[in-house]
Amino acid sequence: MSVFQTYLQLGFLHICTPRAADHLTFLLALCAPYVLNDWRRVLALVTSFTVGHSLTLALATLGVVNFGPAVIEALIPVTIMVTALLNMQGAGRLITRRTPVFAAVPNVLALVFGLVHGLGFSSYLRALLGASSRPVEELFAFNVGVELGQILIVSAILLLGAVLLGSLRVARRDWLLTTSGAALGIATVLLMQQLWP
């Protein structure tokens, strides 16, 4: 395989694995308020998140910024908890067509939280890169792989929601509260594991 293909696969597998429970849980919380017809909004959200984590991933991997891994690993569950709590607070309020797709508050939040998650990815990627000092192709390929993995996970969440909401007649508010509650519970456990290892 080429360098691009290798890092593309690594980025994809870094998201699509049970070891990425924190990132998978964040995607669950991020998608909870949306249904399949909202796929454009969800794509804008995921892309906002990707822009954020790509920026800090590049800066941290190249050594421009440096944060203690313990702090970042504790902040990641906090981003999930905040997202889940905001979802639960807004339960019952439907997203209207007049709500902007791109210039929306959830996208800004996803971008900011992406900055935190990118720092979490960086220690993994730095270990893979070793002595490579200008890993532009590797960084780009890894980010594309992460984005493809996220789109796959988000698609699965939206399809599951469509089945439950459409075929099984689960109320949208119940879906939102259940998925957000699950994300909040998982994030709480992850935070406790970081604070009290």
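Only this structure's heavy atoms are used, side chains among them; waters, hydrogens and symmetry mates stay out. A quick note: this is a predicted structure, and the numbers were derived from the prediction, not measured.
- The stretch residues 71-85 participates, sequence neighbours left out, in these side chain to side chain donor-acceptor pair (under 3.5 Å) pairs: Thr79-His117.
- Distance alone, capped at 3.5 Å, is enough to place a donor-acceptor pair between the Ser122 side chain and the Leu119 backbone.
- Nearest heavy atom pair, residue Ser155 against residue Ile151, reads OG-O, 2.7 Å.
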Which side-chain N or O atoms in residues 178-185 pair as donor and acceptor under 3.5 Å with protein atoms at least two apart or in another chain?
{"residue": "Thr178", "atom": "OG1", "partner": "Asp174", "partner atom": "O", "Å": "2.7"}
{"residue": "Thr179", "atom": "OG1", "partner": "Trp175", "partner atom": "O", "Å": "2.8"}
{"residue": "Thr179", "atom": "OG1", "partner": "Leu176", "partner atom": "O", "Å": "3.2"}
{"residue": "Ser180", "atom": "OG", "partner": "Asn87", "partner atom": "ND2", "Å": "3.2"}
{"residue": "Ser180", "atom": "OG", "partner": "Leu176", "partner atom": "O", "Å": "2.9"}

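- By the criterion of side-chain heavy atoms lying less than 4.5 angstrom apart, applied directly or through intervening Ile, Leu, Val, Met, Phe, Trp or Tyr residues, Val146 is grouped together with Val3 in one hydrophobic cluster.
- Taking the side chain as every heavy atom from C-beta outward, Tyr7 and Glu137 never approach each other to under 4.5 Å.
- When all heavy atoms of Cys31 and Val42 are compared, the pair lying nearest together is SG-CG1, 3.9 Å.
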Listed pairs under 3.5 Å, donor-acceptor, residues 62-72 side chains, sequence neighbours left out:
none

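- For the atom pair CD1 of Ile80 and OG1 of Thr25, the computed distance is 5.0 Å after rounding to the nearest 0.5 Å.
- Nearest approach of Ile15 to Gly149, heavy atoms of both residues: CG2-C, 3.7 Å.
- Taking both residues in full, the closest heavy atoms of Gln150 and Phe49 are given as OE1-CE2, 2.8 Å, listed atom of the first, atom of the second, then distance.
- The shortest non-hydrogen separation linking Thr56 to Gly118 is OG1-CA, 3.3 Å.
- Hydrophobic clustering places Val78 together with Val112 (ILVMFWY residues linked when any side-chain heavy atoms are closer than 4.5 Å, directly or through intermediates).
- Ring geometry for Phe142 against His14 counts as tilted: the plane angle lies between 30° and 60°, on a 0 to 90° scale.
- In this structure, Leu158 CG and Leu165 CG are separated by 10.0 Å, a value rounded to the nearest 0.5 Å.
- Transitive grouping of hydrophobic side chains (ILVMFWY, heavy atoms separated by less than 4.5 Å) brings Leu195 and Leu75 into a common cluster.
- Val144 belongs to a hydrophobic cluster whose remaining members, ordered by chain and number, are Phe4, Leu8, Phe12, Leu13, Phe140, Leu148, Leu152; membership requires side-chain heavy atoms of ILVMFWY residues under 4.5 Å apart, directly or through intermediates.
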Please walk me through it: do Thr188 and Met192 pass side-chain contact (heavy atoms from CB on, under 4.5 Å)?
CA-CA 6 Å; Thr188 302; Met192 289 173 68; 4.1 Å; yes
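- Rounding to the nearest 0.5 angstrom, the gap separating the CG atom in Leu43 from the OG1 atom in Thr50 is 9.0 Å.
- A search for side-chain contact (heavy atoms from CB on, under 4.5 Å) contacts involving Leu177 returns Met88, Ala91, Arg173, not counting sequence neighbours.
- Alongside Val51, the hydrophobic cluster contains Leu111 (criterion: ILVMFWY side chains under 4.5 Å).
- Leu55 pairs by the side-chain contact (heavy atoms from CB on, under 4.5 Å) definition with Leu59, Leu115, not counting sequence neighbours.
- With hydrogens and angles ignored, the 3.5 Å screen pairs no side-chain donor or acceptor of Arg169 with any backbone N or O of Leu164.
- A search for side chain to side chain donor-acceptor pair (under 3.5 Å) contacts involving Ser54 returns Asn143, not counting sequence neighbours.
- For Thr17 (side chain) and Ala20 (main-chain N/O), no donor-acceptor pair under 3.5 Å exists by modelled atom type.
- Taken to the nearest 0.5 Å, the CD1 atom of Ile76 stands 14.0 Å off from the CE atom of Met81.
- Scanning both residues, Ala74 and Leu191, for their nearest heavy atoms gives O-CD1, 3.4 Å.
- The side-chain heavy atoms of Val154 and Trp39, taken from C-beta on, include no pair separated by under 4.5 Å.
- One finds the CZ atom of Phe26 at 10.0 Å from the NE2 atom of His53 (value rounded to the nearest 0.5 Å).
- Residues passing the side-chain contact (heavy atoms from CB on, under 4.5 Å) test with Leu190, sequence neighbours excluded: Asp22, Pro77, Ile186, Gln193.
- In the hydrophobic clustering of this structure, Val163 does not group with Leu36; members are Ile, Leu, Val, Met, Phe, Trp, Tyr whose side-chain heavy atoms approach within less than 4.5 Å, directly or through other members.
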